[in-house]
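Treat the numbers as computed from the prediction; the structure is a model and nothing was measured.
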Amino acid sequence: MADKIRAARAHVYDPPEGVKADAKVHVYTFDAFNKTFLADHKTFDTIERAVQFQRHEQERIYTEQEAEPEYFDLPFLSHDPDLLNRIESDADYKKRMTRDLTSDARSRGRRH
């Protein structure tokens with residue numbers, strides 16, 4: 001039951017306005033230090049599985065990276081199956097995602 005509650009509170013980013021959201025949940029990773037998006041991602045049919053993978057990745061990253069919490073890579077959830085290509089072609093979308101994810105990374109840093 002706890003996993004379902006955590007998954008229900010998970011933040012899933014939507015694609016830009018006018019782009020149809022995917023029914024699947026994609027886990028991407030944002031490099032908070034370099035403010036870039038890493039090339040690989042995983043796709044899941046359910047939010048619960050995506051959140052489980054996201055948490056596993058976050059634990060792995062915390063163990064491997066020696067940085068302040070706000071500079072750790074940040075796995076995040078999205079309904080945009082083409083996010084990596086879209087951020088290359090849509091500067092406004094990239095700017096919004098970078099701003100939102102940088103803010104999430106800073107708030108994570110303050111919590112630790």
Side-chain angles (χ1 to χ4, degrees):
M1 180 72 170
D3 285 339
K4 289 188 183 212
I5 292 169
R6 279 190 214 119
R9 294 184 352 186
H11 182 226
V12 182
Y13 290 91
D14 288 321
E17 194 171 309
V19 175
K20 185 172 176 7
D22 195 352
K24 296 182 185 283
V25 182
H26 307 273
V27 182
Y28 295 97
T29 303
F30 177 68
D31 177 343
F33 182 76
N34 295 305
K35 297 190 179 1
T36 58
F37 296 83
L38 302 183
D40 56 339
H41 80 282
K42 295 263 188 195
T43 302
F44 297 91
D45 291 329
T46 66
I47 186 83
E48 291 83 11
R49 294 285 298 144
V51 167
Q52 181 181 26
F53 179 78
Q54 178 190 29
R55 291 184 194 285
H56 178 270
E57 278 299 285
Q58 195 70 62
E59 289 173 12
R60 182 188 63 75
I61 288 166
Y62 282 177
T63 303
E64 291 179 4
Q65 293 186 352
E66 296 179 9
E68 295 296 317
E70 70 184 89
Y71 292 121
F72 284 132
D73 288 352
L74 177 65
F76 67 97
L77 308 176
S78 174
H79 282 300
D80 187 348
D82 200 32
L83 183 138
L84 297 175
N85 289 325
R86 199 173 323 285
I87 60 170
E88 294 304 316
S89 63
D90 185 340
D92 290 336
Y93 182 54
K94 181 177 183 176
K95 184 177 178 180
R96 178 177 56 105
M97 289 299 299
T98 301
R99 181 192 67 228
D100 292 351
L101 292 166
T102 300
S103 175
D104 287 354
R106 274 196 305 271
S107 68
R108 173 186 60 196
R110 286 191 294 270
R111 286 192 304 260
H112 283 77

With sequence neighbours left out, what residues match Glu64 under side chain to side chain donor-acceptor pair (under 3.5 Å)? Arg60

What class does the angle between the rings of Tyr13 and Phe76 fall in, given that below 30° is parallel, 30 to 60° is tilted and above 60° is perpendicular? perpendicular

Side chains of residues 93-101: which donor-acceptor pairs under 3.5 Å do they make with residues two or more places apart or in other chains?
{"from": "Tyr93", "atom 1": "OH", "to": "Asp80", "atom 2": "OD2", "distance (Å)": "2.9"}
{"from": "Thr98", "atom 1": "OG1", "to": "Lys94", "atom 2": "O", "distance (Å)": "2.8"}

Linking Ile, Leu, Val, Met, Phe, Trp and Tyr through side-chain heavy atoms less than 4.5 Å apart, which residues share a cluster with Val19? none

Looking at every non-hydrogen atom in both residues, tell me the closest pair between Ala10 and Ile47 and how far apart they are. CB-CD1, 4.4 Å

Got a second to check how far Asp104's CG is from His11's NE2, nearest 0.5 Å? 7.0 Å

Considering residues, nucleotides and ligands other than Arg86, do more than 12 of their heavy atoms fall under 6.0 Å from its CZ? yes

Grab the two heavy atoms, one from Ala50 and one from Val27, that are nearest each other, plus how far apart they are. O-CG2, 3.7 Å

Strictly by modelled atom types, are Gln52 and Arg49 linked by a side-chain donor-acceptor pair under 3.5 Å? yes

Could you check whether atom CD of Gln65 has more than 12 heavy atoms from other residues, nucleotides or ligands sitting under 6.0 Å from it? yes

Can you tell me which residue pairs pass the salt bridge (Lys or Arg N to Asp or Glu O under 4.0 Å) test with a partner in residues 15-25, sequence neighbours excluded? Lys24-Asp45

Separation between CG of Leu74 and OH of Tyr28, rounded to the nearest 0.5 Å: 14.5 Å

Hydrophobic clustering (ILVMFWY, side-chain heavy atoms < 4.5 Å, transitive) - are Leu83 and Val12 grouped together? no

List for me each residue that meets side chain to side chain donor-acceptor pair (under 3.5 Å) alongside Glu88, sequence neighbours excluded, and say none if there are none. none

When the side chains of residues 32-43 are checked against the rest of the protein, which donor-acceptor pairs come out under 3.5 Å, sequence neighbours left out?
{"from": "Asn34", "atom 1": "ND2", "to": "Asp31", "atom 2": "OD2", "distance (Å)": "2.8"}
{"from": "Thr43", "atom 1": "OG1", "to": "His26", "atom 2": "ND1", "distance (Å)": "2.9"}

Examine Phe30 and Leu77 and state if one hydrophobic cluster contains both, with Ile, Leu, Val, Met, Phe, Trp and Tyr joined whenever side-chain heavy atoms are less than 4.5 Å apart. no

Taking Pro75's backbone N and O only, do any of them form a donor-acceptor pair with Gln54's side chain (distance below 3.5 Å, no angle check)? yes

Which residues share a side chain to side chain donor-acceptor pair (under 3.5 Å) with Asn85, sequence neighbours left out: Asp82

